[in-house]
There are 2 protein chains.
Amino acid sequence: MAELQLRSPGRQPTIRDVAELAGVATSTVSRALSNPGRVNRVTRERIEEAAAQLNYIPSSQARGLSSGRTQTVAVLVPDITNPFYFDIIRGTQHQLKAAGYTQLLVDTEESAEMEADALQKMRRSADGFILAASRLTDAQLAEAAAQQPLVTINRAPAIAPTVVIDTPSAIIQALEHLVSLGHTRICFVGGPATSWSNAKRWQAFQEETAERKLTTFSVGPFPPKTTSGAAAADAAVHTGATACIVFNDLLAIGMLQRLRERGIRVPEDMSIVGCDDIFGADFCNPPLTTMASPIEQAGRVAVSMLLSSLNPQYGGTSRRLAVMPTHLTVRASTGAAPER
Amino acid sequence: MAELQLRSPGRQPTIRDVAELAGVATSTVSRALSNPGRVNRVTRERIEEAAAQLNYIPSSQARGLSSGRTQTVAVLVPDITNPFYFDIIRGTQHQLKAAGYTQLLVDTEESAEMEADALQKMRRSADGFILAASRLTDAQLAEAAAQQPLVTINRAPAIAPTVVIDTPSAIIQALEHLVSLGHTRICFVGGPATSWSNAKRWQAFQEETAERKLTTFSVGPFPPKTTSGAAAADAAVHTGATACIVFNDLLAIGMLQRLRERGIRVPEDMSIVGCDDIFGADFCNPPLTTMASPIEQAGRVAVSMLLSSLNPQYGGTSRRLAVMPTHLTVRASTGAAPER
DNA sequence: CAATTTTTGGCAATCGCTTGTCATTGTCGT
DNA sequence: ACGACAATGACAAGCGATTGCCAAAAATTG
């Protein structure tokens, strides 16, 4: 009777139960399950059958403890409710799942501190990190990258492997588009000061306007939310610009709403170009001209880069930089410059 | 020299290092950190200081292995890119984090199979589950609930503890609103057949239209995506209805786009009421009349319910049902019925 | 057919922590 | 001042896997 009690019925089956049922040692079960080549085919099949019969699922805890790998990757995003990140998240999720990894999603709430904190707290529980639009300083990032494998998205490639979405080149396309519509007073509406993308976009904007001998206007920084759109719109209007290139779609959509409230017609009185082509950009009013890119793919690529550095054997010369192309999607929020 | 080599410098500090530095046994460190009352205050402070000095982070793996608890809750949603779930996710994330839990987010891609699968695969690695808009059958759900602690969102309360968003009552408000605008031919545009919410909404719709002696129209089921909106719009128009109550906002927004394409004016020719008040409902064209509710709070409440069943000591009589209120938010997509 | 190499599978240590048990110490009541 | 009791901290046994090492068996070779 005592023996029967030893293994209480509600218990989860362990590798030992499987080994017993299959008549082999636990080490063999372990190998059969995670290192198929190492075990005879018939033995393996017997083990697999036993495992299936017991409905055995290995404990990731125990596995992680002894192997040192958790098969988990943490994905840090500044704002989980910003649609821009949905596609990234979906991309990473897909790719990680396909590789047998678990995704740990963390919302860092646009805070560098929370980001650094999460990086510390989770260094034991994740094999690697993907930082989307990190708000860390270069120094912080370098420190983090030295401690653990990590891939960034939209960040300078010098510090860590990165996937950048080539919005600067799209800025040029956008400017060209606006200039061709007759605009000469074009305003850049800036996003978060700590955002690397924002800096790059602003830089591209400055260079290109200088090139074209246009006066350079800018307002900002603004938090990348629709609710900041009102302030952004008012500031932009005040510059006297007839067109805006906006840090991202969220902000642009907020501006659209405010301009409508104020009776400023888009695009008749003011043209607006957003960035990212997020969910909503196609059905807002008017539909937003914006810079689109394969964001989901950016997430996928980031995962590939991370995994290939995590598992060097699977090779794939681990690149340090991937650039995602971008193109301008023209909708109804841009039009000819108003007559002066 | 050998001793120095034993602890390689790049290693993560363990509880043993802390114990050594503080001059106590590992068990004492463990207790000091996770069971404060069990250890003298000065000892505890010494330990905490040592831990801080070493930058010690306990391994969640090891902790989970020996304690049997993972401090992790898995949140399963049918579609991670559906904005409806953002707020749920954010709510659960907040509440879980506050309680020291980690959230594991899983996208089940609207598939009952993937859902059941995730539930199985993760039963070892999560202490509990939150199923948002589960697509499981009652039987599957009951089985899952028997195996592990779980809370559902928008699901029949009989099977497992649940948080329901009271959209059926909002359906009544919506009908009242439409009737007051003179509509008599009102069509219900259905969502996924396996969705419990959809069934409840449809039921409420039927009962209420019967009550008011209105003809009951319906079309569907449609997948809850904007891309299904075109088919839904065409079908709804074909019924001859002058107003639609749509399963959710995603679908409703898709319909809005299609109606616009076809030159059917909203609300002059057709009124549309959505459901959930998701991101985008306020800035689509025209802004959508919809049924709003505190969705983020629903996520929070679900977590509370789950945690109180996980940690009975923290008490809080664990309710089996929480109902979130809903109200109609009238925007521009509803208007007076057209003259016949 | 003996000698050698390759496969295969078992033993047992180990990962880092929790926790039941127990010995030690200090505090009280009488 | 002595025994009872509470408070504190140490010991050591796991938790469920992985993996280095080794021996037995099988396959290959000369």
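What you are looking at is a predicted structure, and each value in this text was computed from that prediction instead of being measured.
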Novice: From CZ of B/R69 over to C1' of C/dT19, roughly how many Å is that when rounded to an integer?
Specialist: 10 Å

Novice: What is the separation between atom CZ on A/R63 and atom P on D/dT19, rounded to the nearest whole Å?
Specialist: 10 Å

Novice: As a test of reading the structure: which of C/dC17, D/dA10, C/dT19 is closest to the side chain of B/S67, going by heavy atoms?
Specialist: C/dT19

Novice: Identify each atom pair where a protein N or O and an N or O of nucleotides 20-22 of chain C are less than 3.5 Å apart, giving names and distance.
Specialist:
{"unit_1": "C/dG20", "atom_1": "N7", "unit_2": "B/R31", "atom_2": "NH2", "d": "3.2"}
{"unit_1": "C/dG20", "atom_1": "O6", "unit_2": "B/R31", "atom_2": "NH2", "d": "2.6"}

Novice: Measure from CD1 on A/I15 to P on C/dA12 and round the result to the nearest Å.
Specialist: 17 Å

Novice: Could you tell me whether the side chains of B/T70 and A/Q61 share a donor-acceptor contact shorter than 3.5 Å?
Specialist: no

Novice: From CD of A/Q71 over to P of D/dA17, roughly how many Å is that when rounded to an integer?
Specialist: 15 Å

Novice: Between B/L65 and A/T28, which has a closest nucleotide on DNA chain D that is more 5'?
Specialist: B/L65

Novice: Taking only the side-chain heavy atoms of A/R16 (C-beta and beyond), determine which of D/dT18, C/dC17, D/dC15 contains the nearest atom.
Specialist: D/dC15

Novice: Tell me whether B/Q103 contacts the main-chain N or O of B/Q93 through its side chain, where contact means a donor paired with an acceptor under 3.5 Å.
Specialist: yes

Novice: B/R63 and B/Q71: side-chain donor and acceptor closer than 3.5 Å?
Specialist: no

Novice: Over all strands shown, is A/R41 touching base, sugar-phosphate only, or nothing at heavy-atom distances under 4.0 angstrom?
Specialist: nothing

Novice: Between A/R16 and A/E20, is the closest basic N to carboxylate O distance under 4.0 Å?
Specialist: no

Novice: I need the CD-P distance between B/Q61 and D/dT18, as an integer number of Å.
Specialist: 12 Å

Novice: Whole angstrom is fine here: how far is it from CG in B/N35 over to P in C/dT19?
Specialist: 8 Å

Novice: When we call it a touch if two heavy atoms are under 4.0 Å apart, what does A/V29 touch: a base, just sugar-phosphate, or nothing?
Specialist: nothing

Novice: If every non-hydrogen atom of A/L307 is compared with every non-hydrogen atom of A/A99, which pair is closest and at what distance?
Specialist: CD1-CB, 3.4 Å

Novice: From C-beta outward on B/S66, which listed nucleotide comes closest to its side chain: D/dA17, D/dT18, C/dT18?
Specialist: C/dT18

Novice: Kindly give the heavy-atom pair with the smallest separation between B/T92 and B/G299, and that separation in Å.
Specialist: CG2-O, 3.5 Å

Novice: Using a 3.5 Å distance criterion without hydrogens, assess whether the side chain of A/R135 forms a donor-acceptor pair with backbone atoms of A/M114.
Specialist: no

Novice: Are A/S134 and A/E115 close enough that a side-chain donor and a side-chain acceptor fall under 3.5 Å?
Specialist: yes

Novice: Which residues, if any, of residues 44-60 of chain B bring a heavy atom under 4.0 Å of DNA chain D?
Specialist: none

Novice: Which nucleotide in the set C/dC17, D/dA17, D/dA10 lies at the smallest distance from any side-chain heavy atom of B/V24?
Specialist: D/dA10

Novice: Quick check for you: to the nearest 0.5 Å, what is the distance between B/T28 atom OG1 and B/N35 atom CG?
Specialist: 11.5 Å

Novice: Using the side-chain heavy atoms of A/A62, tell me which of these nucleotides is nearest: C/dG10, D/dG16, D/dT18.
Specialist: D/dG16

